[in-house]
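For reference, the structure is listed below as C-alpha cells.
For ligands, and for the atoms within them, numbers begin at 1 and follow the listed sequence.
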Amino acid sequence: MSSLDFLFNPGQIAVIGASRSPQKIGHAVLDNIIKNGFEGNIYPINPREEEIAGLQAYCSITDVGGPIDLAVISVPAKHVTAVAEECGQAGVRGLIVITAGFKEVGKEGFKQEQELISICKRYGMRMLGPNCVGLMDTHTPVNASFAEGFPNRGNISFISQSGAMLVSILDWSFEMGMGFSRFISAGNKADLTEIDLIESCADDPQTSVILCYVEDITDGEKFVEVCSEASKKKPIIILKSGTSSAGAQAASSHTGALAGSNRAYDAAFRQSGVLRAESMNDLFDMARAFATQPLPGDARVAIVTNAGGPAIVATDAVEKCGLKMARFTRETIGKLRENLPGEANLYNPVDILGDARDDRYRFALETVLKDENVDSAMVLLCPAAVTEPEKTARTIVELNKKHDQKPVMAVYMGGKTLATGRNYLTANSIPTFTFPEPSINSLRGMIRYNEHLEETAPFEPVDLDNVNREAVRKTLDEVLADRRVVLLGHEASDVMSAYGIQVSKTYLATSEEEAVEIGEKLGFPVALKISSPRIAHKTDVGGVAIGLHSEKEVARAYRKIMENVHYYLPDAPVYGIEVQDMVDEGVEVIVGMSRDVQFGPLVVFGLGGIYVNLLEDVSFRLASALTTREEVKKMITETKANTLLKGYRGKKPADLEALSDTILRTARLVNDFREITEMDINPVRVHNEGATALDVKITIEAVNDKE
Ligand code: COA
C-alpha cells in the first residue's frame with residue numbers, strides 16, 4: 001500500500017459542508033463521490049441536516065464514531081481550522097481542503113494556512129490543498145472533487161497546481177478520447193506538494209505516465225532527489241509556467257546573466273530524468289504517445305506517406321528534433337520495389353503515391369516495421385478521392401498490435417473527411433495528429449526517456465584530492481571582515497589554488513617597487529591589473545597592461561594604470577595593482593556558477609571571452625550533479641566549444657581531462673561554500689596540456705550557519 005492510499009483509495013470519506021443545495025460546492029463533492037461509484041462509507045457532515053442524498057448526516061465529524069480515511073472540507077475559510085481540529089480528534093488520516101482564502105489572499109490567509117498545517121502535523125494528517133478542486137482516481141473509483149464530470153479510465157495521472165487548468169483539461173479529455181488514472185488538484189500545496197504526488201503516482205500500478213502542470217517547485221533539492229527515482233519507474237512530463245529571466249537581469253556576472261530560473265529548471269529536469277513540455281499541447285501529445293505505445297529502441301524513424309509535401313515537412317521535423325530517418329535494408333528496398341508502383345519512392349520517406357488505397361498502406365507499413373533498421377513508424381495520410389482513411393486506420397491498429405515492439409504514430413492531415421478514421425485510431429491507442437511536427441516531438445520525448453533509462457550505471461563520483469577547505473574559509477572570512485562581497489583578483493586566485501584549480505599566479509603589489517619585485521620573481525613577461533572592489537571592468541578604465549617584458553615596463557605601466565584610474569574613477573578605493581604571470585595560449589572557455597533560489601548552485605560551461613552572453617554557447621548543470629567525469633563530458637559535448645577543444649582546423653586538441661578537472665573542482669567549491677553566490681572563471685585557458693584559470697570573479701554573501 002502506498003503511503004497516500006487513504007487519499008486515493010480511502011475506505012471511508014466524510015464531506016464536511018455537504019449540502020442539500022445543488023448550488024453549493026459541498027453538494028457537488030458529495031454528489032460526485034456517490035455517482036462515480038465510490039464503494040466505501042460516505043459520511044455527510046452538516047450541523048443543520050439529518051439526512052443528505054439519502055445518507056445519514058452528522059452534526060460533526062466527531063459524531064461518526066468509526067474510522068475515517070479521508071475528509072473533504074468545503075466550509076467557509078473562517079471555519080476550516082476548527083473543522084480540521086475536529087478531524088484530527090476523529091482520527092482522520094487525510095484532508096482535502098477545497099476552501100479558498102488562504103495564503104493566496106495575503107497575510108491573514110497565510111497565517112490561517114500555517115495554523116492549518118500545524119493542526120495536520122499535530123494529528124499526523126496529510127492534506128491536499130487548501131484552495132483546490134480535489135482529486136479523482138478512476139480505478140478506485142473515487143471522485144472527491146467538485147469538478148464537472150469524471151475522466152475515462154486510463155493510465156495517465158495528471159497533477160495540476162491550477163484548479164482551472166485541471167477542470168478544463170478534464171472537459172477537453174472527453175473530446176480527445178483520453179483516459180486517466182488520476183486527476184489531482186494540488187492547490188496551495190501547503191502540505192502535500194507536487195513532489196509527494198509525483199512520488200505516489202510513480203508507485204501507483206494503474207499509472208504509466210505522470211503529467212504535471214506547475215507554477216513553482218516547492219523544494220528544489222527534494223524534487224531532484226524524488227524525481228530521479230520516480231522517473232526510473234515511469235515517464236514524468238512537466239509543464240512549468242512562469243519561468244522568467246528576472247533573476248538573470250539582476251545578476252552581475254556573465255554566468256548569472258546567462259542563468260535565470262529557466263535554465264535552472266532545465267538543468268534540474270534533465271538531471272532528474274523529467275521531460276519538459278513546452279506547451280499544453282506538447283504535454284498531452286507526449287502523454288498520448290507514452291500512454292499507448294512501446295518505447296522505441298532507438299531514433300530511426302520510417303515514414304509511409306501518400307503525399308510528398310507533408311513527408312518533406314515530417315523529414316525536416318525528424319532532423320530538427322535530432323532523430324534519424326531510417327535507412328532500410330536491401331531486402332526491404334527490394335520488397336518495396338517489387339510491390340509498389342514504379343513512380344513510388346522506395347527510400348525513406350516511402351511515398352506510396354496519391355492514389356494509394358489501404359492495401360498499399362498495409363504492405364508498405366508492414367514491410368518497414370519488419371525492417372531491423374527501423375525503430376518507429378509514422379503513417380502520413382492526406383485525403384484524396386481514392387484514399388480509404390477508415391480502412392487504413394484499422395490496418396494501422398492491426399499492424400501496431402502485431403509489431404508491438406515498435407511505436408507507430410498516425411498523421412491524418414485534414415479535417416472532416418478524416419474525422420472517423422482519426423477517432424478510430426485514437427480510440428484504439430494510436431497517437432494521432434493533424435500535422436507531423438507534434439508526432440515527431442512526442443517520439444523525441446520517448447527516445448529521451450529511453451536514454452534516461454539506459455543511463456543506469458550510476459557513475460562513480462570523482463574523489464578530488466588537493467582540496468583545502470580551511471584555506472578558502474579563511475579567505476572568505478577575511479573578505480567579509482573587510483566589509484566586501486567581491487573578492488579581489490589575488491584572493492580569488494588563492495581560492496582557486498586552495499581547491500587545486502590551476503590559476504595564473506597573481507600577487508598584490510602596493511607600490512611600484514613591489515610590482516617590479518614580484519615581476520622579477522614571476523619571470524617576465526607579466527600583466528598588471530588594477531585591484532579595487534569598485535572596478536569590475538578593469539580594461540574600461542585603463543586598468544590593465546599585459547605583456548610587460550622588463551622592470552622598466554612594469555614600473556611605467558604601474559604609474560600609467562594608477563594615473564588612468566585616478567582620472568576615470570577618482571573616488572574608487574584602490575588596494576594596489578595585481579601582478580600576474582602571462583599564461584600560455586589555449587582555447588578560452590568559461591566555467592562559472594550562479595545560485596538559483598530553487599535549485600542551488602548552477603554551473604555553466606561554454607565558449608569564453610567577452611562574447612559569452614552574445615553567443616550563449618553554454619550548457620548548465622546543477623552543481624550537486626557534477627560529480628562524475630561522464631556528466632562533465634556530456635556538459636562539454638553539448639556546446640560548440642567542444643569542437644574547438646577537439647582541435648578545430650588542424651589545431652592540436654586541448655586537454656579535456658584538465659578542463660573536466662577544473663569543472664569538477666568548481667562544482668565542489670560552490671557546493672562546499674554556500675556563501676559563494678556568483679562566480680565567473682572567464683576565461684579558463686585550455687592548453688594542449690593543462691588548463692589555467694585566467695580571470696576569476698567571485699561574489700559572496702554572509703550566511704548565518706556556516707558549515
Ligand atoms: N461543519 C459542517 N458543515 C458546516 C460547517 C461546519 N463547521 N459550517 C458550515 N457548514 C455547512 C453550511 O451550513 C452549508 O450547508 P447548507 O447549505 O446546508 O447550509 C455548507 O456547510 C457550506 O457552507 P456555506 O456557508 O454555505 O459555504 P459555501 O458553500 O457558500 O462556500 C466554500 C464554502 C468552501 C465553497 C467557499 O468558502 C470557497 O472557498 N469557495 C471557493 C472554492 C474554490 O474556488 N476552491 C479552489 C478551486 S481551484
Side-chain angles (χ1 to χ4, degrees), residues 12-34 42-65 68 70-90 92 95-106 108-110 112-113 115-116 119 127-136 143-149 158-171 183-194 197 212-216 241:
Q12 316 76 23
I13 309 177
V15 180
I16 308 177
S19 168
R20 278 170 178 269
S21 161
Q23 296 84 28
K24 301 272 175 84
I25 285 184
H27 176 92
V29 173
L30 183 65
D31 192 43
N32 273 342
I33 295 170
I34 297 169
I42 307 168
Y43 306 117
I45 314 292
N46 184 315
R48 304 192 317 155
E49 306 286 351
E50 289 184 352
E51 180 245 287
I52 303 175
L55 297 166
Q56 181 189 346
Y58 297 82
C59 198
S60 156
I61 195 159
T62 50
D63 299 336
V64 173
I68 303 168
L70 178 62
V72 186
I73 299 180
S74 177
V75 296
K78 58 179 189 281
H79 300 309
V80 170
T81 45
V83 161
E85 185 78 42
E86 287 177 4
C87 288
Q89 287 160 10
V92 171
L95 299 183
I96 297 177
V97 182
I98 304 274
T99 312
F102 289 84
K103 80 167 179 206
E104 79 280 4
V105 297
E108 235 355 87
F110 178 79
Q112 277 218 50
E113 190 164 307
E115 206 182 324
L116 194 51
I119 294 169
M127 170 177 60
L128 187 68
N131 189 27
C132 73
V133 172
L135 65 79
M136 297 168 236
N143 183 356
S145 81
F146 69 92
E148 176 70 31
F158 179 44
I159 301 160
S160 177
Q161 189 168 347
S162 149
M165 195 73 91
L166 188 102
V167 292
S168 305
I169 293 298
L170 175 61
D171 200 35
F183 248 81
I184 311 162
S185 164
N188 288 7
K189 307 191 289 186
D191 175 34
L192 289 169
T193 67
E194 71 287 349
L197 298 168
C212 206
Y213 166 79
V214 290
E215 282 144 25
D216 61 0
S241 68

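- At a 4.0 Å heavy-atom cut-off, ligand 1 touches R48 through the side chain alone.
- Contact check for P130 versus T99: no side-chain heavy atoms found under the 4.5 Å cut-off.
- Of the protein's heavy atoms, I25 CD1, 4.4 Å lies nearest to atom 40 (N) of ligand 1.
- You'll find the side chain of S160 stays beyond 4.5 Å of the side chain of I169, heavy atoms only.
- Evaluated for a side chain to side chain contact (heavy atoms under 4.5 Å, CB included) with L135, the options L192, L166, L128, I159 yield exactly one hit, L128.
- Atoms of ligand 1 lying under 4.0 Å from at least one heavy atom of I45, given by number and element, are 2 (C), 3 (N).
- Using a 4.0 Å threshold on non-hydrogen atoms, atom 5 (C) of ligand 1 counts as touching the protein.
- Ligand 1 lies less than 4.0 angstrom from a heavy atom belonging to C132.
- Within the model, atoms CD1 of I119 and CG of D191 stand 12.5 Å from one another, a figure rounded to the nearest 0.5 Å.
- Using a 4.5 Å heavy-atom cutoff, the side chains of D171 and E148 are not in contact.
- Geometrically, ligand 1 and R20 share no nitrogen or oxygen pair separated by less than 3.5 Å.
- Closest protein heavy atom to atom 22 (C) of ligand 1: S74 O, 3.8 Å.
- The closest heavy-atom contact to atom 41 (C) of ligand 1, among the options G129, A18, A100, S60, comes from A100.
- Ranking protein heavy atoms by distance to atom 25 (O) of ligand 1, first place goes to P76 CG, 3.2 Å.
- Open room surrounds CD on E108; 12 or fewer heavy atoms of other groups in view lie less than 6.0 Å from it.
- Here is the list of ligand 1 atoms found below 4.0 Å of a heavy atom in N131: 45 (N), 46 (C), 48 (S).
- Protein heavy atom at the shortest distance from atom 21 (O) of ligand 1 is G17 CA, 3.1 Å.
- Closest heavy-atom approach to atom 45 (N) of ligand 1 within the set N46, V133, I98: this belongs to I98.
- In this structure, the side chains of V80 and F102 come closer than 4.5 Å at one or more pairs of heavy atoms.
- Put simply, the side chain of H27 does not reach to within 4.5 Å of the side chain of S21, judged on heavy atoms.
- A donor-acceptor contact shorter than 3.5 Å is absent between the side chain of N32 and the backbone of V29.
- The shortest heavy-atom distance from G26 to ligand 1 is not under 4.0 Å.
- For the pair Y43 and L55, the minimum side-chain heavy-atom distance is 4.5 Å or more.
- A heavy-atom distance below 4.5 Å is not found between the side chains of E86 and I45.
- Of all protein heavy atoms, the one lying nearest to atom 2 (C) of ligand 1 is P47 CD, 3.4 Å.
- Protein non-hydrogen atoms do reach within 4.0 Å of atom 34 (C) of ligand 1.
- Among V75, I16, I61, the residue whose heavy atom lies closest to atom 10 (N) of ligand 1 is V75.
- The shortest side-chain heavy-atom distance between H79 and I73 does not fall under the 4.5 Å cut-off.
- Residue V83 holds the heavy atom nearest to atom 7 (N) of ligand 1 of all those in V83, V97, V29.
- Atom 31 (O) of ligand 1 lies below 4.0 Å from none of the non-hydrogen atoms of the protein.
- Contact analysis puts K24 in contact with ligand 1, with a non-hydrogen atom separation below 4.0 angstrom.
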